[in-house]
Amino acid sequence: MACRLLRPLRRTLLSPLRSHSKTLVPHQQQPSFSLRTYVTEMRKSAFEGNILRLLRNEIQYELDRSPPFQPVPEFNSFSVDERPGEQWIRLNKNFGENEEIKVEVTMFDGSVPVKKTGNLTTEEDVTLHITLIVDIFKGEGSKVLEFVCSAWPDSIEIQKVFMRGRDQMAGLPYTGPGFKELDDELQNSLYEFLEGRGVNDDLAVFLHGFMKNKDKTEFIRWMGTVKSFIEKK
């Protein structure tokens with residue numbers, strides 16, 4: 001009899017505890033969730049901190065090793081537009097009474113291997129390549145005489161010569177034969193035509209020095225831009 005009475009009593013006494021224990025489960029899980037969030041944020045912060053450290057070190061290394069110089073605004077009567085953040089620069093000048101010359105210049109866009117022979121070994125180096133697009137205008141409404149050229153470290157090489165509309169090309173124009181297919185005398189005359197307007201070997205030397213500096217400047221600028229983005233909250 002006593003045993004039967006104790007069972008209901010035990011259930012009565014234990015049921016509030018069970019009910020209370022169920023209400024405690026969500027509260028016991030909350031610290032676990034917060035801990036996971038905290039750990040995730042810490043890992044993210046550490047990861048981003050490491051990127052920032054590497055970027056700062058690389059920027060400082062480049063500045064200490066050979067800091068870029070301030071680019072010159074002109075060369076041999078050409079005005080030079082550095083175009084920060086872009087892969088091109090632009091040169092402009094006037095020539096004679098009605099000619100306008102515009103030169104679009106890439107950063108280094110190619111190279112060719114060159115073998116250097118030392119006392120005992122032969123090492124392979126590269127010669128860097130720059131592309132020039134030279135546009136010559138003659139007054140309002142005129143067409144454009146365009147030269148596509150290569151600038152090597154100490155020389156200019158013409159690749160193509162053709163005429164186009166001043167506002168670019170609506171279709172695909174005839175661009176003439178390859179430059180080296182032209183008569184030798186005509187080739188020489190076209191080189192002299194450009195040289196008389198300042199597009200010559202001296203310009204090639206200048207552009208290689210300018211682009212070497214721009215390459216470093218743009219690299220440092222790029223790293224700084226990435227660093228600023230990651231730092232931003």
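- Checking side-chain atoms of Gln159 against main-chain N and O of Val148 turns up no donor-acceptor pair under 3.5 Å.
- Counting heavy atoms from C-beta on, the side chains of Glu231 and Leu52 come closer than 4.5 Å.
- Glu99 contributes atom CD, which lies 4.0 Å from atom CZ of Arg197 (distance to the nearest 0.5 angstrom).
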Given the rule in the side chain to side chain contact (heavy atoms under 4.5 Å, CB included) test, do Val144 and Lys102 qualify, once you have shown the distances and angles that lead to the verdict?
-> CA-CA 10 Å; Val144 179; Lys102 180 182 72 176; over 6 Å; no
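- Residues His129 and Trp152 are in side-chain contact: their nearest non-hydrogen atoms beyond the backbone lie under 4.5 Å apart.
- To the nearest 0.5 Å, atom CG of residue Leu91 and atom OG of residue Ser79 are 7.0 Å apart.
- Closest heavy-atom contact between Phe137 and Ser142: C-OG, 4.1 Å.
- Classification of Lys180 and Glu157 as a salt-bridged pair holds, one side-chain N sitting under 4.0 Å from a carboxylate O.
- Heavy atoms only, all atoms of each residue included: Ser155 and Asp201 are closest at CA-OD1, 3.3 Å.
- Environment of NZ in Lys160: crowded, with over 12 heavy atoms of neighbouring residues, nucleotides or ligands closer than 6.0 Å.
- Counting heavy atoms from C-beta outward, Ile130 and His208 have side chains that approach closer than 4.5 Å.
- Here CE of Met163 is found 10.0 Å from CD of Glu146. Values are rounded to the nearest 0.5 Å.
- Using cut-offs of 30° and 60° for the angle between ring planes, the Phe206 and Phe75 rings count as parallel.
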Report the C-alpha distance between Met211 and Val105 in whole Å, list the side-chain angles of each, state the deciding distance to 0.1 Å, and finish with yes or no for side chain to side chain contact (heavy atoms under 4.5 Å, CB included).
-> CA-CA 9 Å; Met211 288 308 187; Val105 188; 3.7 Å; yes
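- No donor-acceptor distance shorter than 3.5 angstrom exists from the side chain of Thr175 to the backbone of Phe162, with no hydrogens or angles considered.
- Across Pro68 and Asn213, no two heavy atoms sit closer than the pair CA-OD1, 3.2 Å.
- No more than 12 heavy atoms of other residues, nucleotides or ligands lie within 6.0 Å of CD in Gln87, so this atom counts as exposed by the packing criterion.
- A continuous path of ILVMFWY side-chain contacts below 4.5 Å connects Leu145 to Leu194, so both sit in one hydrophobic cluster.
- The CG atom of Asn50 sits 9.5 Å away from the CG atom of Leu55 when rounded to the nearest 0.5 Å.
- Annotation: side chain of Asp81 is not in contact with side chain of Trp88 (no heavy-atom distance under 4.5 Å).
- Note: the hydrophobic cluster containing Leu190 also contains Phe95 (ILVMFWY, side chain heavy atoms under 4.5 Å, direct or indirect links).
- Aromatic ring orientation, Phe147 versus Phe193: parallel (interplanar angle below 30°, classes split at 30° and 60°).
- By the criterion of side-chain heavy atoms lying less than 4.5 angstrom apart, applied directly or through intervening Ile, Leu, Val, Met, Phe, Trp or Tyr residues, Val80 is grouped together with Phe108 in one hydrophobic cluster.
- A salt bridge between Lys227 and Glu58 is absent, with no side-chain N of the basic residue lying under 4.0 Å from a carboxylate O of the acidic one.
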Under the side chain to side chain contact (heavy atoms under 4.5 Å, CB included) rule, what do Ile59 and Ile220 come out as? Steps first, then yes or no, please.
-> CA-CA 6 Å; Ile59 290 171; Ile220 294 173; 4.2 Å; yes
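- Glu218 places a side-chain N or O within 3.5 Å of a backbone atom of Gly85 that can act as its donor or acceptor partner.
- In this structure, Lys214 contributes its side chain and Met107 its backbone to no donor-acceptor pair below 3.5 Å.
- Taken from NZ in Lys138 to CD1 in Ile136, the straight-line distance is 8.5 Å, to the nearest 0.5 Å.
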Should Glu104 and Arg83 be marked as a salt bridge (Lys or Arg N to Asp or Glu O under 4.0 Å) after you check the CA-CA gap, both sets of side-chain angles, and the distance that decides it?
-> CA-CA 11 Å; Glu104 299 277 359; Arg83 304 178 76 85; 5.1 Å; no
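- Between Ile89 and Leu207 the shortest side-chain heavy-atom distance falls below 4.5 Å.
- Residue Ile230 is grouped with residue Trp222 when hydrophobic side chains (ILVMFWY) are merged at heavy-atom distances under 4.5 angstrom, including chains of intermediate members.
- Hydrophobic clustering of Ile, Leu, Val, Met, Phe, Trp and Tyr side chains at less than 4.5 Å, counting indirect connections, unites Leu203 with Phe179.
- Around the CZ atom of Phe69, the shell of radius 6.0 Å holds more than 12 heavy atoms that belong to other residues, nucleotides or ligands.
- Nearest heavy atom pair, residue Ile156 against residue Leu132, reads CD1-CD2, 4.0 Å.
- Counting heavy atoms from C-beta outward, Ser150 and Ile158 have side chains that stay 4.5 Å or more apart.
- For Glu74, the CD atom is loosely surrounded, since the number of other residues' heavy atoms within 6.0 Å does not exceed 12.
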